[in-house]
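Presented below is the structure to which this report refers.
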Amino acid sequence: MQRASADSVVVLDFETTGLSPQYGDRAIEIGAVLLENGVIVDRFQRLMNPGFRISPFIESYTGITNEMLKVEPPCEEVMAGFSDFIAGHNIVAHNASFDRRFLDFELKRARRAYEGDCCCSLLLSRRIYQDAPNHKLQTLVNHAGIPKVGSFHRALADAEMTAHLWLSMIDRIRQHYGVQAIFFDQLTELSKIDKLYAHRYLTDLANG
DNA sequence: TGCCAGGCCCTCTTTAGGGCCTT
């Protein structure tokens, strides 16, 4: 099997009604970009109707209103289409455990499943940008000098900025450590090791 | 309408507690 390059992935972001699908929360927007060799070559963005009114807090937080959602298709219909978009790709998300819970929950309701691997840009940023004031997406975008795209807390904009953050971390590894080719599973492993050993891990990668 | 979770990670730790991150 051919090893997956780190810069050919789908970067995704959910907007949801809350924090936990186990307590009744649902997805209301999915945004994703397909990176191929470090370039965004495709985009996916859909609003979806969760079947109940969303709270004023979520309306204010995301800018997505009940008025906007009432004409949108149900989650199951949107997620069936998204399942086709991510098929065959590894995925990246900022605080991926959150997005993965909603991805698995909504795909299960749509009678679909995702079998690929998942890497967390938040965990990775704690190893790569140890000098950042914090590791919120908005802070890291400013810290890394990434151009702002659209509005924070909208799915496609957050996915696109997360994709540029992902690429900036790959560039930083290449420039600082001289790593020529870096693979998805290596970044996944880096995101999970004790961050004190991140420097040693990257030095070992550079030395083969 | 308002509430909720969970994994990572640090430290005044490991027989625990609490902040960070996501909506």
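Here is how names work: the chains are called A, B, and so on, in the same order as the sequence lines, proteins then strands, and each is numbered from 1.
A:Ile58 comes within 4.0 angstrom of a nucleotide base, judged by non-hydrogen atoms across all strands. Residue-level contact check: A:Asp13 touches the backbone only, with heavy atoms under 4.0 Å from sugar-phosphate atoms and none from bases. A:Phe102 comes within contact range of no nucleotide atom at all, as no heavy-atom separation falls under 4.0 Å. A:Glu15 comes within 4.0 angstrom of the backbone, heavy atoms only, and of no base. Counting any heavy atom pair closer than 4.0 Å across all strands shown, A:Ile28 reaches no nucleic acid atom. Here A:Asn134 lies in heavy-atom contact (under 4.0 Å) with sugar-phosphate atoms only. Using a 4.0 Å heavy-atom distance criterion, A:Arg26 is classed as making no nucleic acid contact.
Rounded to a whole angstrom, the distance from the C1' atom of B:dT13 to that of B:dC8 is 15 Å. Spacing between B:dC9 and B:dC3 at atom C1', rounded to whole Å, works out to 27 Å. Spacing of P atoms, B:dA5 relative to B:dC12, comes out at 28 Å, to the nearest Å. Nucleotides B:dT23 and B:dC4 have their C1' atoms positioned 12 Å apart, rounded to a whole Å. As rounded to the nearest Å, B:dG2 and B:dG6 have P atoms that lie 23 Å from one another.
Between A:Ile54 and A:His94, the residue whose closest nucleotide on DNA chain B is further toward the 5' end is A:Ile54. In terms of position along DNA chain B, the nucleotide closest to A:Gln22 lies nearer the 5' end than the nucleotide closest to the other residue of the pair A:Gln22 and A:Gln138.
Closest approach of A:Met161 to A:Lys148, counting heavy atoms only: SD-CA, 3.9 Å. For the residue pair A:Ala198 and A:Gln130, the shortest heavy atom distance occurs at CB-NE2, 4.2 Å. Between A:Ile28 and A:Pro50, the closest heavy-atom pair is CG2-CG, 3.8 Å.
Using a cutoff of 4.0 Å between basic side-chain nitrogens and carboxylate oxygens, A:Glu76 and A:Arg26 are scored as salt-bridged.
For the segment residues 146-173 of chain A, residues with any heavy atom less than 4.0 angstrom from an atom of DNA chain B are, sorted by number, A:His153, A:Asp158.
Every pair passing side-chain hydrogen bond (donor to acceptor under 3.5 Å, both in side chains) that includes a residue from residues 62-75 of chain A is listed here, sequence neighbours excluded: A:Glu59-A:Asn66, A:Glu67-A:Lys70. Within the structure, ring pair (Phe, Tyr, Trp, His ring centres under 6.0 Å) pairs that include any residue of residues 157-189 of chain A comprise A:Tyr177-A:His199 (at least two apart or interchain). Within the structure, ring pair (Phe, Tyr, Trp, His ring centres under 6.0 Å) contacts touching residues 24-72 of chain A (residues at least two apart or in different chains) are A:Phe44-A:Phe82, A:Phe44-A:Phe85, A:Phe57-A:Tyr61, A:Tyr61-A:His153.
Atom CG of A:Asp117 is separated from atom NE2 of A:His89 by 14.0 Å, given to the nearest 0.5 angstrom.
For the side-chain contact (heavy atoms from CB on, under 4.5 Å) test, residues two or more places apart in sequence or in another chain that qualify with A:Ser168 are A:Tyr129, A:Ala144, A:Ile146, A:Leu165.
You can see that DNA chain B meets the heavy atoms of chain A within a 4.0 Å-exclusive cut from B:dC4 to B:dT23, reading 5' to 3'.
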